[in-house]
**Student:** 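Input: one structure, supplied below.
Each chain gets a letter, A, B and so on, in the order its sequence line appears, and its residues count up from 1.
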2 protein chains.
Amino acid sequence: MGTTEEKPRGRDAGARVTISDVAGALGLTKSTVSRAMNSYPDISEATRLRVRRMAEKMNYHPLSHAQAIKTGRTRSLGLVLQFSDHDSHRPFLAEFLAGLSAGASAEHWTLTVAAADSDASMIETFREMLRDGKADGFVLPRAMTEDPRVKFLSSAAVPFVLYGRHATAKGAAWYDILGEQAMQDAVAHLAKLGHRRIGFINGGAQYCYAPLRLAGFREGMRDAGLPVDEDLIESNAVTLADGERAGDRLLTRPNPPTAIVCAVDFAALGVYRAAAGRGLVIGRDLSVIGYDGIPEGAYAMPPLTTFTVDNRAAGERLAKLLIRRVRGEDPELLRETTTATFVERGSTAPFRGSI
Amino acid sequence: MGTTEEKPRGRDAGARVTISDVAGALGLTKSTVSRAMNSYPDISEATRLRVRRMAEKMNYHPLSHAQAIKTGRTRSLGLVLQFSDHDSHRPFLAEFLAGLSAGASAEHWTLTVAAADSDASMIETFREMLRDGKADGFVLPRAMTEDPRVKFLSSAAVPFVLYGRHATAKGAAWYDILGEQAMQDAVAHLAKLGHRRIGFINGGAQYCYAPLRLAGFREGMRDAGLPVDEDLIESNAVTLADGERAGDRLLTRPNPPTAIVCAVDFAALGVYRAAAGRGLVIGRDLSVIGYDGIPEGAYAMPPLTTFTVDNRAAGERLAKLLIRRVRGEDPELLRETTTATFVERGSTAPFRGSI
DNA sequence: CTGCGTTCCGAAACCGGTTTCCGCAACAAA
DNA sequence: TTTGTTGCGGAAACCGGTTTCGGAACGCAG
C-alpha cells in the first residue's frame, strides 16, 4: 500500500499490453516497435526479430481501432445482407458466414454484418459503414448483371469481391463456382442414362449465373448430339413454388421431357410436386437433377441428385481475396473458380420410355 | 496550383468532418463539443443544443474507433456462431441476423460475427474479440442449462444477453419465447379435437427450453384432464432423423398416440416420415403439431400446423437489450418474453378412432 | 584524418476523439 | 465592497497507435 499506487487499467483484470510496454521491455521507443511490427525497411532485421519475439512473448496485439485512427483501416470485412431476398440463400448463410469468419480471423480481420431491406437502403448502409469506418471492403453475395452495389462501390473506389462472376465490372475481383460446367455434366449424365428429351429450368434471371448455366445446358446438349427444344426451357425459378409452376408447364407440353435439369435445388423440389400432382414418380418416370446441395434435397423422397456447392470454402476464399484486394492487389488477378460436386442420389434413373 | 496545398484527406472524396471542424464552426473547443455531444452536466443547455444542431447540419458522426481508444468501447455487438451445431437453427439465421442488425444500427451500433467449431474455440473467440476490442458484449443464441459461454462471460464480467431463459445465471439478461405456453396450447387444441392419447417429442435436452416445454405439455394435459403416459414422451429430437426415430418408437407402442406434439418443427417433419413408413396419413390418422415455424413446414404435405416464432423481432429486441446492458442497466430488469403464434394448417384433424 | 553516404533508431507530431483540471465571470451572501 | 459559490467552457493531457523528420554511428573512399 503506502504511496505506490497501481495505475487503474480498466475493468478487465488482464491489463492490456500496449506498444509502449513492448518498447519499454526492449529499451526501444514505441515508434521503433511500430515500424518493426509493420516491416518498415529502415528497421534492421535483428531488431525486427527482437521486437517480434518480444511481442509474441508478451502477447502483444495492436488494437485495430487504435491503428485505424491514423491509418483509416479497421481490418474488417463488411457484409450487407439483402433481407427481402427470396428464401433460397438462407440455408447457405450459416456455412457462408462461417467461411467468411474463418478466412477473416486467420488474418486477424473481423466480419461486420448489416442487413438492408431494399436496394436503396443497402447503398445507404454501405455509405454509413464506410463513413463510420466499420468496413474496409465488402463481400457481395449473388452477383447480378445489373448490380447497384457494384456500381456504387466502384464509383466510390471501395474494395469489394463478388461471389459470382460479373461480365462487365472491369475492376472486380470474384470467386465463383462453375455452374455452367455442372449443367453440362448434368446433361451428359442424363444422356448417358438414355434420356433424349431433357428440359431445363433456369434460376433468377437477374443473377449473373443464369445465362452461364443456360449456356452450360446447351453445351451439354450439343455434346450429347441432342437438339434443344426451346419449349422445354423455363426460367426464373428460385423457389419451390416457382419450380412447381415451371415443372407443371414442362410436363403439360405435347411431348414432355423425361428428365429435367434445374439450376436451383429449390426449383427441383418444386418439380417433385409438379410430378406428384400428375402421378409421376421421380426417379422412375421422371429424372431430375438440381444444383446447390441444400439439405432438404437429401431428405426429399427420393433424395435429390444434385451438385453440391461448398459455401464454407467459398466464404473463406472470398474473405482472403477481399483482404488482398484491400491491401491493394490488382483485382483482375484476384479471381478464382472451383467446381461443384456431383452427388448422385435417387432422382435420376435410366430412360424407360416417354411419359 | 501556387502555394495553397490541399491537406490530403485519404482516398475518399468526402472529406471527413471531425469534432474540430464542428468546434471551429462554432468558435468552441473540441472538448466542449465532445462534452456537449455526450450530455455532460457542465455544459449549458443552450450550447448543448447549439452544438447538436451544428453537428447535425455538418453531418458530423464521431468515429467509434476514435472514441474507443479512450473509452474502450466500440459500440459493437458480438455474435459467435457455433458452426458444428445441428441444422435446425440455420433457416432462422438470416432473419435473426437481420433483426440484430436492425436493432443495433438503430442505435448506431454494429454487429460483429465470428464462427467457432467447438466450445473451446468459442471461448477462445470470445477472448480474442474482447482483447481486440471487437465487441462490447455478446448475444448468446440457444441458452443451455450448462452453458460454458455464460460461465466464461459471467466470470469475466462481460455483458451478454441470452436468447432463452437461463434458470441459474443470476445476473443474466434475456429474451425468450414462451414455448411452454405453446406446448400447453397445442395440447388444448388437440384435446378439443377429441384426442386423448397425445404423445410428446421434446427437443435437445441440453437447452433451457426442453424442461420448460415438457412442463408446458404436462400442464396442458392436466388442464384437459388427460393422464400423461410416460411411454408417449420422447426427448432429444432436433433433426428430421431424430424425429423419425422418435416417431417410430411412439407409433410402435402397444397403444400408440393419435396425436403428437413436437417441441421442434424438424422433429415433426421426421414424424411425417415415420407415419408414411407405416402407411399412416398425417392430418387424418395422426395429428401433429410442431414448433418454430420453419419454412419447410409450410411446404410439407400436409402443411404443418405449428407455432411460429418471430426471430427477426427476437434479434431486434436482443440487440436493444444488450446495448442497454452494456450501458450498465441492471440485467435482472432486462428480461422480456413473448409468445409464439399458432398457425393451424393441415397436420391436425379431429380424432377418428385409435390407430 | 576528413568527408560523405548509409543504416538504423529516437524524438516528436499527429490521428480524432475523451476527460481532468482550472479559471473566469456572474451572482448571492456577508 | 468583499468573499464565497456556482455555472460554464477553455487548456492540455491522454488513449494507443502511425508516420515524418532528423541525427548519431558506422563504413568507406579520398
**Student:** Let me know, please, whether A:A46 or A:K30 comes out on the 5' side of the other along DNA chain C by nearest nucleotide.
**Tutor:** A:A46

**Student:** Above 12 or not: heavy atoms from other molecules or residues under 6.0 Å from NE2 of B:H108?
**Tutor:** no

**Student:** Heavy atoms under 4.0 Å, any strand shown: does A:S44 hit a base, just sugar-phosphate, or nothing?
**Tutor:** sugar-phosphate

**Student:** If I take atom CZ in residue A:R35 and atom P in nucleotide C:dT7, what distance separates them, rounded to the nearest angstrom?
**Tutor:** 15 Å

**Student:** Does D:dC8 have OP1 or OP2 sitting under 4.0 Å from an N or O in the side chain of B:T32?
**Tutor:** no

**Student:** Find the distance B:R75:CZ to C:dT18:C1' and express it as a whole number of Å.
**Tutor:** 13 Å

**Student:** Is the shortest side-chain N/O distance from B:Y40 to OP1 or OP2 of D:dG7 below 4.0 Å?
**Tutor:** no

**Student:** Taking the minimum atom-to-atom distance to the side chain of B:S31, which one of D:dA12, C:dG17, D:dT18 wins?
**Tutor:** D:dA12

**Student:** By the 4.0 Å heavy-atom rule, please label B:G27 as base, sugar-phosphate, or nothing.
**Tutor:** sugar-phosphate

**Student:** Could you tell me the separation between the NE2 atom of A:H61 and the C1' atom of D:dG17, rounded to a whole number of Å?
**Tutor:** 16 Å

**Student:** Any idea which heavy atoms bring A:S76 and A:K134 closest together, and the distance?
**Tutor:** OG-O, 2.8 Å

**Student:** Taking for each residue the nucleotide of DNA chain D with the nearest heavy atom, is it B:T47 or B:K70 whose nucleotide lies nearer the 5' end?
**Tutor:** B:T47

**Student:** Check whether any side-chain N or O of B:S154 sits under 3.5 Å from a backbone N or O of B:K151 as a donor-acceptor pair, and report yes or no.
**Tutor:** no

**Student:** Is it the case that over 12 heavy atoms from other parts of the model lie below 6.0 angstrom from the CD atom of A:E332?
**Tutor:** yes

**Student:** Let me know the distance between CG of A:D132 and C1' of C:dG17, rounded to the nearest Å.
**Tutor:** 14 Å

**Student:** Find the distance B:H65:NE2 to D:dC15:P and express it as a whole number of Å.
**Tutor:** 19 Å

**Student:** Report the residue (A:D42 or A:I19) whose heavy-atom-nearest nucleotide on DNA chain D is the more 5′ of the two.
**Tutor:** A:I19

**Student:** Between C1' on D:dT19 and CD on A:Q67, what's the gap in Å once rounded to a whole number?
**Tutor:** 13 Å

**Student:** Write down the distance between CG (A:L49) and P (C:dC9), rounded to a whole number of angstrom.
**Tutor:** 12 Å

**Student:** Are more than 12 heavy atoms, taken from residues, nucleotides or ligands other than B:E146, located less than 6.0 Å from that residue's CD atom?
**Tutor:** no

**Student:** OH of A:Y60 versus P of D:dT18: gap in Å, rounded?
**Tutor:** 6 Å

**Student:** Checking contacts here: which listed nucleotide (C:dG16, D:dT19, D:dG10) is nearest the side-chain heavy atoms of A:I69?
**Tutor:** C:dG16

